[in-house]
Amino acid sequence: DFMIRLVRPNETILTRGEDFFDCKYIENCVQEGKLLPNLLDYRVNERSKYKNYDPYLVMVGELRWQDVERRDEGEVVLFEDFDRNHEYQRFKENSRNLPYSKAEDMAIINYIKSRKLFGLVDGNRIWKNMEYRKICESRTYQSMKNRFKR
């Protein structure tokens, strides 16, 4: 309920939807001899599922994660109303038939190499994380995984 998730620099976050904070926050608190009120400045994920909030209040027990107001997730669209042809064409034009560029290949390799994720390439989590972080713009995690395996 009041847990703050800490990560080290360059650590890969495999869980989506939660906020993570740089462990440097702890070091700075120890250095100052007190809890610093600017915990939000240490958030490492670019997007948060929460609206404007102060994670410090969660950490000190004044606010529970479940009580933090969440951002709107978007409009619900019924499958029958979804223009599949249009979306398929848009996806096809964006990336499906385009060959991978050297820059995209290098982005995949560098991501795996810099985070030492060689042992995880057979699973889906790192690929989904790469898709979420847009390592290769408009490429799906399945596509990147298949490309890497070739």
Side-chain angles (χ1 to χ4, degrees), residues 1-29 36 38-59 63-150:
D1 286 349
F2 306 108
M3 182 172 65
I4 299 296
R5 291 166 181 83
L6 299 171
V7 293
R8 286 174 278 197
N10 297 323
E11 187 174 344
T12 300
I13 299 170
L14 298 177
T15 305
R16 283 180 61 180
E18 302 300 330
D19 283 356
F20 288 83
F21 302 87
D22 191 324
C23 65
K24 187 86 170 154
Y25 173 78
I26 300 297
E27 294 173 20
N28 291 344
C29 288
L36 300 173
N38 64 335
L39 178 57
L40 190 58
D41 295 342
Y42 293 85
R43 192 177 79 203
V44 295
N45 45 306
E46 293 176 24
R47 290 181 274 176
S48 174
K49 68 180 178 182
Y50 304 107
K51 284 191 176 182
N52 294 336
Y53 77 104
D54 186 351
Y56 178 82
L57 297 177
V58 175
M59 184 179 66
L63 183 64
R64 299 165 92 85
W65 282 115
Q66 63 209 40
D67 298 328
V68 176
E69 188 176 0
R70 295 173 186 250
R71 294 185 185 279
D72 293 333
E73 292 184 18
E75 181 183 348
V76 175
V77 178
L78 298 175
F79 185 72
E80 305 84 64
D81 298 335
F82 190 68
D83 184 358
R84 292 189 317 175
N85 260 348
H86 171 71
E87 288 299 313
Y88 176 74
Q89 274 308 110
R90 190 172 61 93
F91 177 74
K92 186 176 178 183
E93 290 167 3
N94 280 348
S95 66
R96 189 165 191 173
N97 291 331
L98 295 176
Y100 272 76
S101 69
K102 188 134 185 119
E104 287 175 313
D105 286 339
M106 291 310 298
I108 292 170
I109 292 167
N110 288 336
Y111 183 87
I112 293 168
K113 184 179 173 185
S114 68
R115 289 166 175 77
K116 298 180 174 105
L117 299 172
F118 305 107
L120 301 174
V121 296
D122 290 329
N124 288 332
R125 278 199 162 161
I126 67 164
W127 302 104
K128 288 181 179 181
N129 193 22
M130 288 170 67
E131 179 181 21
Y132 175 75
R133 292 174 176 260
K134 299 187 184 307
I135 299 303
C136 293
E137 190 71 35
S138 78
R139 301 287 186 176
T140 65
Y141 80 89
Q142 298 97 330
S143 173
M144 289 185 284
K145 182 178 179 180
N146 290 338
R147 175 66 176 177
F148 182 78
K149 296 255 181 191
R150 291 182 192 176

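Computed from a prediction, not measured in an experiment: that's the story for all the values here.
- In this structure, R8 contributes its side chain and C23 its backbone to no donor-acceptor pair below 3.5 Å.
- Among residues two or more places apart in sequence or in another chain, the salt bridge (charged side-chain N to carboxylate O under 4.0 Å, His left out) test is passed with R64 by D1.
- Applying the ring-ring contact (aromatic ring centres under 6.0 Å, His included) test to Y56 and every residue at least two apart in sequence or in another chain returns nothing.
- Using a distance-only test at 3.5 Å, with no hydrogens or angles considered, no donor-acceptor pair links the side chain of R71 to the main chain of K51.
- Heavy-atom neighbours of K116 NZ from other residues, nucleotides or ligands within 6.0 Å: at or below the threshold of 12.
- One distance of note links OH of Y111 with CG of L117; it measures 6.5 Å at 0.5 Å rounding.
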Check: Given I108 and W127, is the side chain to side chain contact (heavy atoms under 4.5 Å, CB included) satisfied, shown in steps?
Finding: CA-CA 9 Å; I108 292 170; W127 302 104; 3.9 Å; yes
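- Between Y141 and R125, the closest side-chain pair of non-hydrogen atoms is not below 4.5 Å.
- To the nearest 0.5 Å, atom CG of residue D19 and atom NZ of residue K49 are 8.0 Å apart.
- Taking both residues in full, the closest heavy atoms of E104 and E137 are given as OE2-O, 4.2 Å, listed atom of the first, atom of the second, then distance.
- Ion pairing between D122 and K145 fails under the 4.0 Å rule for side-chain N and carboxylate O.
- Residues Y25 and M59 meet the side-chain proximity criterion, which asks for heavy atoms closer than 4.5 Å.
- Formation of a donor-acceptor pair under 3.5 Å by the D67 side chain with backbone atoms of L63 is not found in this model.
- With hydrogens and angles ignored, the 3.5 Å screen pairs no side-chain donor or acceptor of D22 with any backbone N or O of Y42.
- One distance of note links CG of N38 with CG of D54; it measures 9.5 Å at 0.5 Å rounding.
- Ring centers of W65 and Y53: under 6.0 Å apart, within the cut-off.
- Interatomic distance, M130 CE to R115 CZ, rounded to the nearest 0.5 Å: 9.0 Å.
- Of all non-hydrogen atoms in I4 and L39, the two that sit nearest each other are CD1-CD2, 3.9 Å.
- Y100 and R147 make their closest contact through CB-NE, 3.5 Å (heavy atoms, listed as atom of the first residue, atom of the second, distance).
- The residues E27 and K24 are annotated as salt-bridged, a charged nitrogen and a carboxylate oxygen being separated by less than 4.0 angstrom.
- Closest approach of R43 to S48, counting heavy atoms only: NH1-CB, 3.4 Å.
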